[in-house]
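Structure, as structure tokens:
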Amino acid sequence: MLTQRPKGTQDILPGESWRWQRIERNMREICALGGYREIRTPVFEHTELFQRGVGDTTDVVQKEMYTFEDKGGRSITLKPKGTAGVARAFLEAHLEAEPLPCKMYYVFSPHMRYEKPQSGRLREHHQLGIEVFGAKDASCDAEGIKLAMDQLRACGLSQLRLEINSIGCPACRAAYSERLKAFLMPKLEKLCKTCNERFERNPMRILDCKDPGDQELVKDAPSPIDCLCEDCRAHFDSLQRYLNALSIPFTVNPRTVRGLDYYTRTVFEVFLDIKEDFPALAGGGRYDGLLASLDGPDVPGFGFGMGEERLLLALDKMGVTEPESPVYDAFIVTLGEDARVHGLALADELRQNGIRCDIDHAARSMKAQMKYASKTGAPKVIIIADDELSKGVVKLRDMNTKEELELTREQLIEQLL
RNA sequence: GUGGGUGUAGUUCAGCGGUUAGAGCGCCAGGUUGUGGCCCUGGAAAUCGUGGGUUCAAAUCCCAUCACUCACCCCA
């Protein structure tokens, strides 16, 4: 259908864009306080960037990318993940030569994945988040997590649950993977079908399988934390120290495993702390090997992404509602074309003075204009008709008290300011 | 990709074989030739998702298809 949006997309209509602006404003303010500056990267990149930067074996790359060949024969992919593009921009501009860390944030970044849509999951969604390059200490991780929590709280969410974990460095992961496989091998027959598929591809994913039978079977599985090397262990310990210093409650969940290849050490997810299932609001972690894997310098990284649609969904879910502020400070009701001529000039003058106002452009009846003013929530109405024109005044009506004053232009502006 | 649910005015829904498919809300107009919210009256607005089949007769039953939606996989 011509007038139907593509599957898995959403329009942000005039009546709701203010909600987006509000959460994005919160993010900008919070980030500015911590010295993060905005970065904007393209909505499409060379396909190879995502294959290398996200991971060839991940579901995102294997079956969810919007990939096409452009007219120049290049393979192009619509951004399915944010970090790879930011990493590419960082490397291309050689920001590693500038003072580090490089602290960046982004808002309203569109992400496209070919998935089957459902609640909180779209084919195009928008993320806000941060990326930091060149800070290896866990204080960076803690600060970033605090920022995510602050952002959610600033938007009006208080019931939050932070889950952290450490999946270690590649060496720890290899060791853990072996240990986990050894543990799972004898139970393989009893595990569900998808877990059997996961066994070779990504055994860690079996740990957060939703199947109750499987959960029971893997209850005593070894924890990745037990396989951490000395450095990774120390990093995870200091992360917890920092989080405590920031008074951020958290739970260590060894089952939290980000399904992307580039993560190292810290991974975390933030959930709504409620009984019902609700998808993660934010997720992220450390990716110390990412830049090097893109042939860049050995510079560590940390970041998180937060789904704006999911955040808004969570606000609805938790009943955090705030009415839209009225579109107008005043609405100008005019009767007849002479009045409209004056009304339009007056509207312009008021706008020059920073007063948000509008005038009827449809030559409707006074009743209809009053009704419109009322519907839009305008607190004041300015009435201009023959009577006012001949007297050289306008009438200012207070829509709540119904009080009406006859005023000159100067008096009117004074009143409205 | 797998599985469930739902498609009827702008919107939320009723109708579930039998005249011309209804209602609430919204929209427009009038009651009130210069005054909104409440009330009253009227009006516009629907190829009943689409295609095929069964039937004397289909919005209603059957099949297919598309869309929306929810869950799984995965992820924000």
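None of these values were measured; they are calculated from a predicted model. Note on naming: letters A, B, ... go to the chains in the order of the sequence lines (proteins, then strands), and numbering restarts at 1 for each one.
- Considering A:R40, A:K79, A:Q127 as possible partners of A:S109, the one that fulfils the side chain to side chain donor-acceptor pair (under 3.5 Å) test is A:K79.
- Between the CZ atom of A:R123 and the P atom of B:C74 there is a distance of 18 Å, rounded to whole Å.
- Atoms CD (A:Q127) and C1' (B:A76) sit 5 Å apart, rounded to a whole Å.
- Closest to the side chain of A:S119, from the set B:A71, B:G34, B:C74, is B:A71.
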>> Within the 4.0 Å limit for protein heavy atoms, which parts of nucleotides 36-41 of chain B are touched? Write it as a string from 5' to 3', B for base, S for sugar-phosphate only, - for none.
In response: BB----

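- Whole-Å rounding puts the A:D277 CG to B:C74 C1' distance at 15 Å.
- Applying the Watson-Crick and G-U wobble criteria (two distances, each under 3.5 Å), B:A23 pairs with B:U12.
- The stretch residues 307-315 of chain A touches RNA chain B through A:G307, A:R310, each having a heavy atom under 4.0 angstrom from the strand.
- Sorted by residue number, the list of members of residues 18-25 of chain A with any non-hydrogen atom under 4.0 Å from RNA chain B is empty.
- In this structure, the NZ atom of A:K63 is 8 Å from the P atom of B:C74, given to the nearest Å.
- For B:C68, neither phosphate oxygen OP1 nor OP2 lies less than 4.0 angstrom from any side-chain nitrogen or oxygen of A:R5.
- A:Q4 places its CD atom 10 Å from the P atom of B:U69, with the value rounded to the nearest Å.
- Heavy-atom distances under 4.0 Å link RNA chain B to no residue of residues 8-16 of chain A.
- Checked against the 6.0 Å centroid criterion, the rings of A:Y287 and A:Y262 qualify as a close aromatic pair.
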For nucleotides 1-8 of chain B, which of its nitrogen or oxygen atoms have a protein nitrogen or oxygen under 3.5 Å away, and what is each distance?
residue, atom, partner, partner atom, Å
B:U2, O4, A:K116, NZ, 2.9

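- Along RNA chain B, the nucleotide nearest to A:P117 and the one nearest to A:G120 differ in position, and the one closer to the 5' end is contacted by A:P117.
- If you check residues 404-417 of chain A against RNA chain B, the residues with a heavy atom closer than 4.0 Å are A:E404, listed by number.
- Judged by closest nucleotide on RNA chain B, A:R364 is the one of A:R364 and A:K81 placed further toward the 5' end.
- Stacking of A:R265 on the aromatic ring of A:F236 is not recorded, the 6.0 Å distance cut-off and the 45° axial limit not both being met.
- The CG atom of A:L396 sits 13 Å away from the C1' atom of B:U35 (whole-angstrom rounding).
- Each side-chain hydrogen bond (donor to acceptor under 3.5 Å, both in side chains) pair with one or both residues in residues 302-312 of chain A, not counting sequence neighbours, appears once here: A:H126-A:E309.
- Distance check: A:I145 CD1 to A:Y242 OH gives 13.0 Å after rounding to the nearest 0.5 Å.
- By the stacking rule of 5.5 Å between ring centres and under 30° between planes, A:H111 does not stack on the base of B:A76.
- Taking the side chain to side chain donor-acceptor pair (under 3.5 Å) definition, one finds that A:E403 meets it with nothing, sequence neighbours left out.
- Taking atom CG of residue A:L389 and atom C1' of nucleotide B:G34, one finds them 13 Å apart after rounding to whole Å.
- Atom CG of A:N400 sits about 10.0 Å away from atom CZ of A:R397, to the nearest 0.5 Å.
- Heavy atoms from other residues, nucleotides or ligands lying under 6.0 Å from CD of A:E337 number 12 at most.
- Among residue pairs with one or both ends in residues 388-417 of chain A, none qualify as ring-ring contact (aromatic ring centres under 6.0 Å, His included); sequence neighbours excluded.
- Ring to ring, A:F278 and A:F271 are not that close: their centroids are 6.0 angstrom or more apart.
- For A:E410, there are no salt bridge (Lys or Arg N to Asp or Glu O under 4.0 Å) partners, not counting sequence neighbours.
- Residues satisfying the salt bridge (Lys or Arg N to Asp or Glu O under 4.0 Å) criterion with A:K7, sequence neighbours excluded, are absent altogether.
- Taking the side-chain contact (heavy atoms from CB on, under 4.5 Å) definition, one finds that A:R173 meets it with A:I167, A:M204, sequence neighbours left out.
- Nucleotide B:U35 holds its P atom 12 Å from the CD atom of A:Q369, rounded to whole Å.
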